[in-house]
Amino acid sequence: MELLDHARAVRENAYAPYSNFKVGAALRAADGRVFTGCNVENVAYPEGTCAEAGAIAAMVAAGADGITEVAVIAESPVPVSPCGGCRQKLAEFAQGDMTVTMATTAGETKVMTLAELLPGAFDQSHMDR
């Protein structure tokens, strides 16, 4: 199953009663395993969880480390990209030139590298003294 197919399937489980904007994400860990996540809203906005953050949490909980690619899908007129916070979360685990496939449920896709989505990402070098 393609990564985008995993994202499409998990999107159906999203909990989005307030925005009705369901998002699914799937990532491939460096060891080849696939992890998925969907957005989970909360009436106490902004305490919800993004789909990408859910997939990352599943990966970490399973003991995997490193992301080689990610796919995100939503019902939108244009492909939806990860929010700024999720871009930084993805950067924390990115391996190499990680690709991000962004898609609509109608089949439109856009592929970019994480570096294109998040130029100048904050990383460990900012912490070195």
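- In terms of heavy-atom proximity, His6 sits nearest to Ala26 at CB-CB, 3.7 Å.
- Considering every non-hydrogen atom in both Ala64 and Arg33, the closest pair reads CB-NH2, 3.5 Å.
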Practice task
Just do the side chain to side chain contact (heavy atoms under 4.5 Å, CB included) check on Phe93 and Val60 with the steps written out, would you?
Solution key: CA-CA 10 Å; Phe93 297 97; Val60 171; 3.8 Å; yes
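- With rounding to the nearest 0.5 Å, the separation of CE in Met59 from CG in Asp31 is 9.0 Å.
- For the atom pair CD1 (Ile73) and CG (Asp5), the distance works out to 8.5 Å, reported to the nearest 0.5 Å.
- Remark: the backbone N or O of Pro79 is not paired with any side-chain donor or acceptor of Thr104 at under 3.5 angstrom.
- At distances below 3.5 Å, at least one donor-acceptor pair connects side-chain atoms of Arg87 with backbone N or O atoms of Leu117.
- Hydrophobic cluster membership differs between Val72 and Leu4, with clusters built from Ile, Leu, Val, Met, Phe, Trp and Tyr side chains linked at under 4.5 angstrom.
- Nearest heavy atoms, Cys86 versus Cys50: SG-CB, 3.4 Å.
- In this structure, the side chain of Ser76 does not engage the main chain of Val80 through any donor-acceptor pair within 3.5 Å.
- Note: Cys83 SG to Glu52 CD = 6.5 Å, rounded to the nearest 0.5 Å.
- Interatomic distance, CD of Glu92 versus CD1 of Ile56, reported as 9.0 Å (0.5 Å rounding).
- Listed for the Glu41 side chain is a donor-acceptor partner under 3.5 Å among the backbone atoms of Tyr18.
- To the nearest 0.5 Å, the span separating OG1 on Thr36 from CG on Leu27 amounts to 8.5 Å.
- For CG of Asn42, the number of neighbouring non-hydrogen atoms (other residues, nucleotides, ligands) closer than 6.0 Å is greater than 12.
- Residue Ala91 comes nearest to Ala121 through the heavy atom pair CB-CB, 4.2 Å, listed as atom of the first residue, atom of the second, then distance.
- Within a 6.0 Å radius of CD in Glu75, no more than 12 heavy atoms belonging to other residues, nucleotides or ligands are found.
- Phe35 and Leu114 fall within the same hydrophobic cluster, defined by Ile, Leu, Val, Met, Phe, Trp and Tyr side-chain heavy atoms under 4.5 Å apart, directly or through other members.
- When all heavy atoms are compared, the tightest approach of Thr109 to Ala103 is CG2-CB, 3.7 Å.
- Scanning both residues, Ala74 and Val23, for their nearest heavy atoms gives CB-CG2, 4.1 Å.
- Checked by atom type and distance alone, the side chain of Asn39 never pairs as donor or acceptor with a backbone atom of Lys22 at under 3.5 Å.
- There is a path of hydrophobic side-chain contacts, each under 4.5 Å, that joins Met112 to Val70.
- With hydrogens and angles disregarded, a donor-acceptor distance shorter than 3.5 Å links the side chain of Glu116 to the backbone of Thr113.
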Handout entry: side chain to side chain contact (heavy atoms under 4.5 Å, CB included) assessment of Met102 paired with Ser81
Key = CA-CA 6 Å; Met102 300 158 281; Ser81 66; 3.4 Å; yes
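- By the criterion of side-chain heavy atoms lying less than 4.5 angstrom apart, applied directly or through intervening Ile, Leu, Val, Met, Phe, Trp or Tyr residues, Val100 is not grouped with Val34; the two fall into different hydrophobic clusters.
- Checked against Ile67 for a side-chain contact (heavy atoms from CB on, under 4.5 Å), the options Gln95, Arg28, Met98 give a single hit: Met98.
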